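Predicted model only: the values in this text are computed from it and were never measured.
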Amino acid sequence: MYLTKEEEKALKGELGQGTQQAMELLVAIGDAYEAERLVPVTRAHAASSGQEGDLYFVELLADGGAFCRVPTTTNPVYDLEYFHQRFKIAEEEAEVARRVMEGYKRLGAIPSWSCVPYLNENIPLFGEIVAFSESSATPYVNSVIGARTNREAAQSALAAGVVGKTPEYGLLLKDNRKGTHHVRVEATLKDEFDYTLLGYHVGKAVGYGVPVLSGIQKQPTTEELINFCAMSNTSGAISMFHIPEYTAEASSMEEAFQREVPEDKITVTDRELERTYEELQTTSGEADFVMLGCPHYTLKQVGEVARMLEGKKISSKMSLWVCTSATTKLLADRIGYTGIIEKAGGHVVVDTCIDEPCWSVYKDKVGMTDSPKCAYYRRFREAKVARLRDCVEAAVKGK
Ligand code: F3S
């Protein structure tokens with residue numbers, strides 16, 4: 001890969017050891033993908049976590065004096081004080097999370113601790129080249145916004161944030177953004193939950209590629225698109241997709257495929273969504289708790305939970321958790337949503353995710369969620385996946 005004089009200096013360590021290590025990673029990736037050069041990024045999102053794999057790289061860069069040269073947001077870890085008080089987290093687990101959060105702060109990253117940074121804290125524009133990791137974030141910024149990112153790891157996104165550059169390959173190039181699979185949607189999409197099922201099914205059916213969806217009858221909402229992104233990039237590796245007319249880069253099927261539309265197609269009917277729904281249930285037993293907000297709930301979704309819980313009480317047999325970003329919770333507090341949920345006995349938590357060690361208290365329990373991704377990464381024994389309304393109702397009834 002061609003490097004400028006300044007980039008050579010960074011690789012030789014003349015800009016500090018931490019930057020050198022970030023540069024080594026980017027050059028290795030660039031060489032592996034036969035990129036011709038590095039290109040500037042305007043922003044990054046690192047899929048941080050309170051786990052050891054993340055700790056190693058973050059401290060490696062921070063100890064080497066690196067710092068983020070472009071705005072770089074962070075994914076959920078967990079609020080140590082909050083969870084320690086409730087769940088008595090093992091000291092060695094807590095120490096890892098504390099050091100990860102400290103490491104990102106030393107690097108000058110923006111401590112957003114959210115998996116939907118593209119909604120509030122770190123919003124790319126059409127055409128921007130960025131380095132975003134995290135399952136919903138990568139396809140959302142590529143497809144919905146029309147910015148350009150590869151499917152980064154936490155480490156490669158952080159390295160790009162530190163160097164301010166990324167190797168030019170993959171989805172940064174127009175050719176690779178063209179559709180690879182035609183998905184004809186004949187299923188009825190009633191709400192956000194149907195988009196989670198659709199995403200999960202499409203991810204599994206396509207595996208790796210750029211699906212182009214036809215048959216969508218109306219503009220999907222932000223939440224529906226977030227769900228489609230998160231689920232298709234969990235059951236499969238979908239970093240980009242097109243819904244002609246509704247996503248950023250294609251107004252027609254021909255434009256989405258950058259040529260003729262292939263004759264072969266994957267057809268999704270109500271039957272496929274029903275089957276996906278059934279596959280996601282790992283138990284028919286009673287749930288012990290409800291987990292919502294994977295990906296982090298938007299303000300609208302927190303509001304929906306509040307409206308469903310207004311004047312009700314969550315059963316003493318169940319607990320109900322809503323995960324969101326600190327930015328969203330601030331507004332939910334001001335509007336009064338948090339108060340209503342808490343009055344009903346629920347919890348609104350920030351900075352965390354179901355895949356974090358802070359939830360290990362539930363490892364032998366059955367969790368109910370509206371998110372197939374939450375069920376997939378679960379830290380609990382069994383999962384029931386259901387519509388939001390059914391989850392909330394179960395929490396109130398205690399069964
Ligand atoms: Fe977000 Fe964690 Fe779910 S990062 S999408 S809450 S698994």
Side-chain angles (χ1 to χ4, degrees), residues 41-45 47 71 73 75 112 114-152 157 170-174 176-181 183 185 189 191-203 206 209-253 255-258 294-301 325 327-328 371 373:
V41 292
T42 46
R43 56 186 78 242
H45 176 70
T73 39
N75 231 38
S112 51
S114 163
C115 52
V116 291
Y118 47 84
L119 294 181
N120 293 314
E121 301 87 3
N122 198 2
I123 312 170
L125 296 176
F126 183 88
E128 270 190 45
I129 295 176
V130 303
F132 269 44
S133 47
E134 174 52 31
S135 62
S136 78
T138 306
Y140 193 96
V141 305
N142 271 323
S143 319
V144 180
I145 296 177
R148 295 187 178 199
T149 179
N150 277 312
R151 190 176 197 263
E152 303 289 352
L171 291 172
L172 303 194
L173 303 169
K174 184 162 186 267
N176 301 324
R177 298 170 74 80
K178 68 183 168 217
T180 57
H181 298 69
V183 178
V185 182
L189 300 172
D191 56 19
E192 290 163 25
F193 186 68
D194 286 333
Y195 271 85
T196 69
L197 299 178
L198 178 67
Y200 204 84
H201 177 74
V202 170
V206 170
V210 181
V212 180
L213 277 61
S214 68
I216 303 276
Q217 301 296 336
K218 64 175 176 65
Q219 170 75 60
T221 64
T222 304
E223 289 76 10
E224 287 167 347
L225 288 164
I226 293 172
N227 287 348
F228 182 85
C229 291
M231 307 314 152
S232 62
N233 207 12
T234 294
S235 61
I238 307 298
S239 305
M240 173 149 195
F241 62 94
H242 299 280
I243 310 178
E245 287 185 53
Y246 300 130
T247 51
E249 285 188 25
S251 55
S252 66
M253 294 296 284
E255 209 179 336
F257 283 102
Q258 294 181 25
C294 169
H296 278 176
Y297 260 10
T298 64
L299 188 62
K300 172 176 164 271
Q301 291 170 312
S325 69
T327 319
T328 298
S371 163
K373 183 178 174 188

| said: I'd like to know if the side chain of Asn122 reaches the main chain of Ala44, judged simply by a donor and an acceptor atom lying under 3.5 Å from each other, with no hydrogens or angles considered. | reply: yes
| Are any non-hydrogen side-chain atoms of Leu213 and Leu198 less than 4.5 angstrom apart? | yes
| task | Indicate the atoms forming the closest heavy-atom contact of Ala230 with Lys373, along with that distance. | result | O-CD, 4.3 Å
| note | dist Glu192:CD -> Leu197:CG (nearest 0.5 Å) comes out at 12.5 Å
| query | Would you say Ser232's side chain and Val202's backbone share a donor-acceptor pair under 3.5 angstrom? | reply | no
| task | State which residue, out of Glu255, Met240, Lys174, fulfils the side-chain contact (heavy atoms from CB on, under 4.5 Å) condition with Glu249. | result | Met240
| said: Please check: side-chain N/O of Asn176 versus main-chain N/O of Gly170, any donor-acceptor pairing under 3.5 Å? | reply: yes
| task | State whether a side-chain donor-acceptor pair under 3.5 Å links Thr73 with Glu121. | result | no
| note | Of all heavy-atom pairs linking Thr149 and Arg177, the shortest is N-NH1, 4.4 Å
| task | Please check if the side chain of Thr328 supplies one atom and the backbone of Leu299 the other of a donor-acceptor pair under 3.5 Å. | result | no
| message | To the nearest 0.5 Å, what is the distance between OG on Ser371 and CD1 on Ile226? | response | 12.0 Å
| message | Using 0.5 Å steps for rounding, measure from the CZ atom of Phe132 to the CZ atom of Arg43. | response | 6.5 Å
| task | Show the numbers, then the answer: is there a side chain to side chain contact (heavy atoms under 4.5 Å, CB included) between Met231 and Ser135? | result | CA-CA 8 Å; Met231 307 314 152; Ser135 62; over 6 Å; no
| field | Closest contact, heavy atoms only, Phe193 versus Thr196 | value | O-OG1, 2.5 Å
| query | Can you check whether Ile238 reaches Pro211 side chain to side chain, under 4.5 Å on heavy atoms? | reply | yes
| message | So for atom CD, which belongs to Gln217, do other residues, nucleotides or ligands contribute more than 12 heavy atoms lying within a distance under 6.0 Å? | response | no
| query | Mind checking whether Phe257 and His242 have side chains closer than 4.5 Å, heavy atoms only? | reply | no
| query | Do the ring planes of Tyr140 and Tyr118 sit parallel (below 30°), tilted (30 to 60°) or perpendicular (above 60°)? | reply | parallel
| query | Quick one: side chain to side chain donor-acceptor pair (under 3.5 Å) partners of Asn150, sequence neighbours excluded? | reply | none
| task | Might you point out which heavy atoms bring Cys115 and His296 nearest each other, and give the distance in Å? | result | SG-N, 3.4 Å
| Is Thr42 close to Leu125 at the side-chain level, that is, under 4.5 Å between some pair of heavy atoms? | no
| message | If you define the side chain from C-beta out and look only at heavy atoms, does anything of Asn233 sit under 4.5 Å from Arg151? | response | yes
| message | If you define the side chain from C-beta out and look only at heavy atoms, does anything of Val212 sit under 4.5 Å from Pro244? | response | yes
| field | Glu152 vs His45 side-chain heavy atoms within contact, under 4.5 Å | value | no
| message | Run Thr298 and Val116 through side chain to side chain contact (heavy atoms under 4.5 Å, CB included) and show every step you take. | response | CA-CA 9 Å; Thr298 64; Val116 291; 6.0 Å; no
| If you take all heavy atoms of Ile145 and Pro124, which pair is closest and at what distance? | CG2-O, 3.4 Å
| query | For Asp194, does its backbone N or O pair with a side-chain atom of Asp191 as donor and acceptor, under 3.5 Å? | reply | yes
| said: Counting C-beta onward and ignoring hydrogens, is there a side-chain heavy-atom pair between Pro220 and Ile243 closer than 4.5 Å? | reply: yes
| query | Can you tell me how far CZ of Phe228 sits from CD1 of Ile216, rounded to the nearest 0.5 angstrom? | reply | 7.5 Å
| task | Might you point out which heavy atoms bring Ser239 and Leu171 nearest each other, and give the distance in Å? | result | CB-CD1, 3.4 Å
